[in-house]
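Numbering of ligands and ligand atoms starts at 1, following listing order.
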Amino acid sequence: MAATVTERKLLIDGEWVDTGAWIEVRSPYSGEIVARVAKAGAAETQKAIDAAEAAMREPLPAHQRAEILVRVAGYLGRRHEEVAQTICAEAGKPLKAARLEASRAMSTFTFSAVQARTLTGELVPMDASQAGVGKLGFTLRQPIGIVGAISPFNFPLNLVAHKIAPALAAGCAVVLKPASQTPLSALLLAELETEAGLPPGWLNVLVGPASEIGDILVEDERVKLLTFTGSGEVGWKLRERAPRKRVNLELGNSTPVIVEADADLDDVGERLATNAFSFAGQSCISVQRIYVQRAVYDELLARFIPKVRALETGDPADEETDVGPLIDRESRDRVLEWIDEARAAGADVLVGGELEGELLQPTVIANAAHDLRVNCQEVFGPVCTLTAYDSLDEAIELANGTPYGLQAGIFTSRLKTALAAAARLEFGGVTINEAPTFRTDQMPYGGVKASGNTREGPAWAVREMTEERLVVLEL
Ligand code: NAP
């Protein structure tokens with residue numbers, strides 16, 4: 001079903017702006033036009049930054065920021081189905097997953113409101129040094145300034161929420177550029193912010209050519225922080241180009257999971273089948289590399305493969321669908337090419353590996369060499385690999401053998417093994433007896449190595465979006 005939205009303008013300085021040029025948003029499933037969105041360029045980006053600057057001259061008190069955020073969470077609840085349908089229509093995300101995303105965004109706003117009400121500095125124990133005797137020292141958390149936010153296509157609502165809600169909680173105005181393929185959820189969110197009473201200029205949403213808008217966000221010194229979620233290729237370049245800004249990066253992964261022989265294999269088979277293929281693998285922490293202790297390799301296969309075969313591939317708007325389309329044909333063809341490369345190199349495609357109509361089937365590959373792209377790069381498609389290992393040391397070495405470091409997981413019933421793995425896996429997060437695709441919105445979430453340099457989750461993001469100012473008072 002198409003979204004109810006058919007035409008959308010941009011939000012700049014509290015006005016809905018029609019630029020006279022349009023971008024078409026198409027369904028990744030049917031190719032049909034879902035909506036047209038006004039197209040921004042450099043001039044609109046400058047106007048949006050001007051508006052954000054003007055807004056921040058009159059700070060909003062914390063209670064007001066919190067009330068607005070709570071109201072948005074409530075509106076997201078009231079319009080939950082419309083929001084989910086919008087995500088489904090523009091991203092091709094199966095409705096089941098789109099509904100979850102809509103619920104999670106409510107949670108992101110709710111946790112951000114808590115941060116708005118509780119954000120404080122610290123008391124400094126001044127008389128702990130001789131020179132400090134007779135002085136009171138404390139820190140204030142000041143909003144860092146205008147936040148430039150750039151978000152990807154794969155969570156078009158909740159990853160936008162993870163940028164704008166903490167920024168508003170911190171007292172920062174935002175200029176947001178959502179992904180061009182999926183701008184509708186962001187614009188719907190902007191509408192809810194306006195309805196919730198957010199004054200003009202605090203949130204500005206621009207849709208248009210990435211480099212044109214991105215260049216201004218990088219170059220304009222009034223933008224103090226860039227928060228970027230997307231590919232490493234784009235993210236690290238942004239950081240290089242903006243050495244004097246804070247540039248927070250949430251990037252990709254090639255997500256490994258280790259299955260020890262003592263794990264509950266029924267449970268593992270179920271969880272991995274869901275988490276390798278949900279939203280056709282287009283999550284930054286989609287299970288991609290599965291390492292199984294050799295003694296239970298065949299047993300796990302016997303449990304996992306039928307679950308993969310049972311996944312429903314089809315129209316994302318269908319209530320039964322588990323696996324829908326990739327975001328575009330180019331992405332689909334790239335993933336097919338990587339599968340073919342693995343096949344040609346002697347790997348075994350156990351399930352899938354072909355098109356079903358226009359859709360790529362959920363695909364499981366065994367015996368793929370470590371240096372094949374399906375293993376060593378981020379697939380971002382419905383593909384996972386299975387590899388047998390002998391010792392835990394070997395499994396950890398294989399899991400760590402990637403430039404990425406976002407999340408990893410281990411399944412085992414031994415506490416000692418679990419904690420050893422948690423300490424040795426070089427990732428921002430490690431899940432134990434849960435797929436590494438797991439995330440709730442209050443967690444500190446982010447990567448090490450090539451996967452990024454920050455943590456999202458409102459309590460962490462708000463700290464990034466504020467600066468500590470020391471105040472010393474002579475008593
Ligand atoms: P992408 O191609 O890097 O795009 C992300 C955003 O950057 C889009 O808004 C895009 O705009 C914009 N962009 C592209 N070139 C730009 C430039 N030169 N200057 C400024 N902005 C630019 O990534 P994607 O394909 O949308 O998303 C997939 C990637 O995101 C995967 O690697 C995935 O792992 C990662 N991801 C990470 C997390 C996390 O939290 N760690 C979460 C989700 C996704 P246009 O759409 O207009 O091109």
Considering only NZ, NE, NH1 and NH2 on the basic side and carboxylate oxygens on the acidic side, decide whether [X] and [Y] come within less than 4.0 Å.
X: Arg79; Y: Glu195; answer: yes
X: Glu221; Y: Lys245; answer: no
X: Glu337; Y: Arg373; answer: yes

Within 45° of the axis and under 6.0 Å from the centre of the six-membered ring of Phe155, does NZ or CZ of Lys93 qualify?
yes
Compute both the distance and the angle, then confirm whether Arg36 meets the cation-pi test with Trp22: under 6.0 Å from the six-membered ring centre, within 45 degrees of the axis.
yes
Just do the side chain to side chain donor-acceptor pair (under 3.5 Å) check on Gln282 and Asn154 with the steps written out, would you?
CA-CA 6 Å; Gln282 298 169 112; Asn154 64 335; over 6 Å; no
Pairwise, report which nitrogen or oxygen atoms of ligand 1 are under 3.5 angstrom from protein nitrogen or oxygen atoms, and how far apart they are.
from     : atom 1 : to     : atom 2 : distance (Å)
ligand 1 : 3 (O)  : Ser231 : N      : 2.8
ligand 1 : 3 (O)  : Ser231 : OG     : 2.6
ligand 1 : 9 (O)  : Ser151 : O      : 2.7
ligand 1 : 9 (O)  : Lys177 : NZ     : 3.3
ligand 1 : 11 (O) : Lys177 : NZ     : 2.9
ligand 1 : 23 (O) : Ser231 : N      : 3.4
ligand 1 : 26 (O) : Phe153 : N      : 3.3
ligand 1 : 30 (O) : Gly230 : O      : 3.2
ligand 1 : 32 (O) : Glu378 : OE1    : 2.7
ligand 1 : 34 (O) : Glu378 : OE1    : 3.4
ligand 1 : 34 (O) : Glu378 : OE2    : 2.5
ligand 1 : 41 (N) : Glu250 : OE1    : 3.4
ligand 1 : 41 (N) : Leu251 : N      : 3.3
ligand 1 : 41 (N) : Leu251 : O      : 2.7
ligand 1 : 46 (O) : Ser180 : N      : 2.9
ligand 1 : 47 (O) : Lys177 : NZ     : 3.0
ligand 1 : 47 (O) : Ser180 : OG     : 2.4

